[in-house]
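A short write-up of the structure that comes next.
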Protein chains: 2
Amino acid sequence: MSVGSAQTTTRNIILRETATLFAMDGYAGVSMRDIANAAGITPAALYHHFRDKSELYRATMAYAFGSKMSDLPSIVLGEAPIEERFTGFVLWFCRLMATDVIYARLMQREMLDGDDDRLYFLTEEVFREPFKQTMVMMEEIAPKGDAHQLSMFVFGLIFGYFAFSPTRRLQTGFRPEHDDPEKVARDVSQLVLHGLKAFAGMEAAAQ
Amino acid sequence: MSVGSAQTTTRNIILRETATLFAMDGYAGVSMRDIANAAGITPAALYHHFRDKSELYRATMAYAFGSKMSDLPSIVLGEAPIEERFTGFVLWFCRLMATDVIYARLMQREMLDGDDDRLYFLTEEVFREPFKQTMVMMEEIAPKGDAHQLSMFVFGLIFGYFAFSPTRRLQTGFRPEHDDPEKVARDVSQLVLHGLKAFAGMEAAAQ
DNA sequence: GTCTATACGCGGATAGAC
DNA sequence: GTCTATCCGCGTATAGAC
């Protein structure tokens, strides 16, 4: 559930609370009164820190998404064999999606409701680097494949799997271990690493 | 963009409009005035057809999700070899996600905002059958694998890939064909069919 | 089945005191 | 930097005529 950085200025308290509120109820579902309440101040005080609701929302995204990706490079870059680095990446992303509900939900909401500017921010500031690094791995594993698309398959698979959780838990055959990021990461890695061999030699030949 | 059935009763006109509105802006983002406007009636008239906003929302879900899955069985059941049936299923789901924006967005929103009842409805009335059929295919392709989880990987992959579209289109290496359900389906099928061979003989052995 | 009229609380936002 | 007080339009919802 952890989101953003540490300092306990009023501004940061507000942002920490809004991250949770916006993640749970969405932009339109949260009022400035709700936020003020959660932060322990009055609505009027909010406007001392942020011009209006939409600026507060944007600040919340910057706060919530900031520096989440920082531990990734050490996993992906390095001397280890590609399979190991890839598996490490998958595990990292599975853990993020499974553990940080706020983060995962905000991502989902931005995909649905983000305007051009916010999607640009998300693309550039949040996904650009991890995505590039994933593409590099894809090129190494499946040199003749479409690195962009294959990387998106990986992101999509993990993102989608956990986004489906609410109904997945009610579905035939569900067991609690299906929520366990360690297990999911293992099986995703296995499926993808094996599957990518189909793209190692030639582009979309099978059908 | 097509949603739901045909008859042009007022009730159906309302539901058709609300499906679009709720899909685009979410429950809290749409007012009864908006809906009345779109349907060409006054807000008061809405309450002749639906008790309140939340009943209207539930009716919209039932309308939007109703009978979308009907053409699936003929694809999945049949005499064709399993690879072909699986590919057919993947193509069907890719087309649904890529073509029917309303449907895809409502699904995403329900994952985020659905209460217990609505998630139960989604699970039972929308996903139960297609999911079961996918599990059957998984058991045939990867007898020793975890059919529930592998099926969810497939749903998650396709769902997640298209849910990512807004930022995917801004990402390094994007080309328009990455939005083409036919191409995506081909490559997803190839990746998964090949990857599943890793699960054909034993459960999660590789790592 | 749809209208006009209306109730009334909640929404975002501001003024100005402390 | 936070408060109290307040503005005003929009939110859901209803009453009752046609």
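What you see is a predicted model; the values in this text were computed from it and never measured. Throughout, protein chains are lettered first and strands after them, A, B, ... in sequence-line order, and every chain is numbered starting at 1.
- Atom pair B:L56:CG and D:dG11:C1' shows a separation of 15 Å (rounding to whole Å applied).
- You'll find that the side chain of B:Y47 is closest to D:dT14, out of C:dG12, D:dT4, D:dT14.
- The aromatic ring centres of A:F159 and A:F93 sit 6.0 Å or more apart.
- The CG atom of B:N37 sits 11 Å away from the P atom of C:dC3 (whole-angstrom rounding).
- Remark: aromatic rings of B:Y103 and B:F65 are close, center separation under 6.0 Å.
- Computed from coordinates, the A:E55 CD to C:dG12 P distance equals 15 Å when rounded to whole Å.
- Taking the side chain of A:A44 as heavy atoms from C-beta on, and the options D:dT4, D:dC10, C:dG12, the nearest nucleotide is D:dT4.
- B:T123 and B:R128 share no side-chain donor-acceptor pair at under 3.5 Å.
- D:dG11 atom C1' lies 11 Å from atom CE of B:M32, rounded to whole Å.
- Residue-level contact check: A:S31 touches the backbone only, with heavy atoms under 4.0 Å from sugar-phosphate atoms and none from bases.
- Closest to the side chain of A:T10, out of D:dT2, D:dA5, C:dG1, is D:dT2.
- Whole-Å rounding puts the A:D34 CG to C:dG9 C1' distance at 14 Å.
- For the pair B:R11 CZ and C:dT2 C1', the computed distance is 17 Å after rounding to whole Å.
- The side chain of A:H48 places an N or O atom within less than 4.0 Å of a non-bridging phosphate oxygen (OP1 or OP2) of D:dG1.
- A donor-acceptor contact under 3.5 angstrom links the side chains of B:R168 and B:S165, judged on distance only.
- Across the protein-nucleic acid pair, B:I35 atom CD1 and D:dA13 atom C1' stand 13 Å apart, rounded to whole Å.
- Take the nearest nucleotide of DNA chain D for B:S54 and for A:H49: the residue whose nucleotide is more 5' is A:H49.
- Straight-line distance from the CG atom of B:D25 to the C1' atom of D:dC10: 16 Å, rounded to whole Å.
- Ranking C:dG12, C:dC3, D:dG1 by closeness to the A:R33 side chain, first place goes to C:dG12.
- Cation-pi geometry between A:K144 and A:F199 is not met at under 6.0 angstrom from the ring centre and within 45 degrees of the axis.
- An OP1 or OP2 oxygen of C:dT2 is reached within less than 4.0 angstrom by no side-chain nitrogen or oxygen of B:T42.
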